[in-house]
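Beneath this line is the structure, given in structure tokens, with notes to follow.
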Amino acid sequence: MPALAQDNFYTIDDIYALPDGERAELIDGQIYYMAPPTRKHQDIVGELFGTIREYIKSKNSSCRCYVAPFAVFLTKNDTNYVEPDISVICDTSKLNDKGCVGAPDWIIEIASPSNRPMDYYTKLFKYRTAGVREYWIVDHERNLVIVYDFQNNSATNFTFSDDIPVNIYPGFCINLSALNI
């Protein structure tokens, strides 16, 4: 089921009022309901999260890595709320009990047919304008990873078998085919 925008204007209070188990994101006052992830989606998220988390720990970094559902309030207003598949936050002052207030340093979204327009267009624009430093779209059906390095205003396409450099961590590369997914 594709993410559907509603005609009304909503705030974070409307997200919190959703029935238990119903997930949605809020972008510029519009609610986008989210379909449950597939098993393949969860395999990719789990392997990437584990790899990133272990790297961060091995470097004794203060950065924190979170997996969805994890609340990210992109702006200071109450009309933008997302749950990226993976969020890496290096400025821990952005973290509170509800999630992250402000842009994470690195966001990864796993694309699927139902959410491609959201990840490729809507979120791309929101993440760039909010101050995210690096954004990955992982599209397993296309064997494609698009890495947006917003600090250097570049976008690079990779396949799952490529060593993909992580721009916020020089020297760290991820090869998705090596993750057994």
Should [X] and [Y] count as side-chain neighbours, where that means a heavy-atom distance under 4.5 Å?
X: I164; Y: V147; value: yes
X: L74; Y: Y81; value: no
X: S61; Y: Y55; value: no
X: V72; Y: E83; value: no
X: Y135; Y: K123; value: yes
X: C65; Y: F49; value: yes
X: F158; Y: L144; value: no
X: C100; Y: F73; value: no

Shortest non-hydrogen contact between [X] and [Y], atoms and distance:
X: L48; Y: I108; value: CD1-CG2, 4.2 Å
X: D105; Y: C90; value: OD2-N, 2.6 Å
X: P113; Y: E141; value: CG-OE1, 3.4 Å
X: E109; Y: P84; value: OE2-CA, 3.3 Å
X: C63; Y: I56; value: O-CG2, 3.3 Å
X: L176; Y: I181; value: O-CG1, 3.5 Å

Using the six-membered ring wherever Trp is involved, compare the ring planes of Y169 and F172 and label them parallel, tilted or perpendicular (cut-offs 30° and 60°).
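Ring orientation, 0 to 90° scale: perpendicular.
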With no hydrogens and no angle check, do the side chains of [X] and [Y] hold a donor and an acceptor under 3.5 Å apart?
X: D43; Y: H140; result: no
X: N77; Y: T79; result: yes
X: D139; Y: Y120; result: yes
X: Y16; Y: D14; result: no

When hydrophobic residues are tied together by side-chain contacts of less than 4.5 Å, even through go-betweens, does [X] share a cluster with [Y]?
X: V88; Y: V67; result: yes
X: I89; Y: I52; result: no
X: I27; Y: I110; result: no
X: V45; Y: V166; result: yes
X: M118; Y: V82; result: yes

Please report the interatomic distance [atom1]([X]) to [atom2]([Y]), rounded to the nearest 0.5 Å.
X: H41; Y: S114; atom1: NE2; atom2: OG; answer: 9.0 Å
X: D28; Y: Y10; atom1: CG; atom2: OH; answer: 15.0 Å
X: Y66; Y: L95; atom1: OH; atom2: CG; answer: 4.5 Å
X: Y33; Y: R23; atom1: OH; atom2: CZ; answer: 14.0 Å
X: I137; Y: I146; atom1: CD1; atom2: CD1; answer: 5.0 Å
X: I107; Y: W136; atom1: CD1; atom2: CH2; answer: 13.5 Å

Please check if the number of heavy atoms outside N153 that lie under 6.0 Å from its CG is greater than 12.
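Counting neighbours around CG of N153, 12 or fewer heavy atoms of other residues, nucleotides or ligands fall under 6.0 Å, so no.
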Crowded around R116 CZ? As in, over 12 foreign heavy atoms under 6.0 Å?
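More than 12 within 6.0 Å, yes.
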Is there a donor-acceptor pair under 3.5 Å between the side chain of [X] and the backbone N or O of [Y]?
X: N115; Y: S112; result: yes
X: K94; Y: P104; result: no
X: D163; Y: N175; result: no

Pick one: which of I15, L26, T11 meets side chain to side chain contact (heavy atoms under 4.5 Å, CB included) with D78?
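Going through the options one by one, the only one that passes is T11.
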Testing V138, D162, I174 one by one against V145 for a side chain to side chain contact (heavy atoms under 4.5 Å, CB included), which residue passes?
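Testing each of V138, D162, I174 against V145, the sole residue satisfying side chain to side chain contact (heavy atoms under 4.5 Å, CB included) is V138.
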Check step by step if side-chain contact (heavy atoms from CB on, under 4.5 Å) holds for E47 and Q42.
CA-CA 8 Å; E47 291 297 324; Q42 292 302 87; over 6 Å; no
Stepwise, does the side-chain contact (heavy atoms from CB on, under 4.5 Å) test hold for Y148 with L124?
CA-CA 9 Å; Y148 293 94; L124 171 64; 3.7 Å; yes
Ionic contact status for D149 with R133, cut-off 4.0 Å:
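A salt bridge is absent here (no side-chain N lies under 4.0 Å from a carboxylate O).
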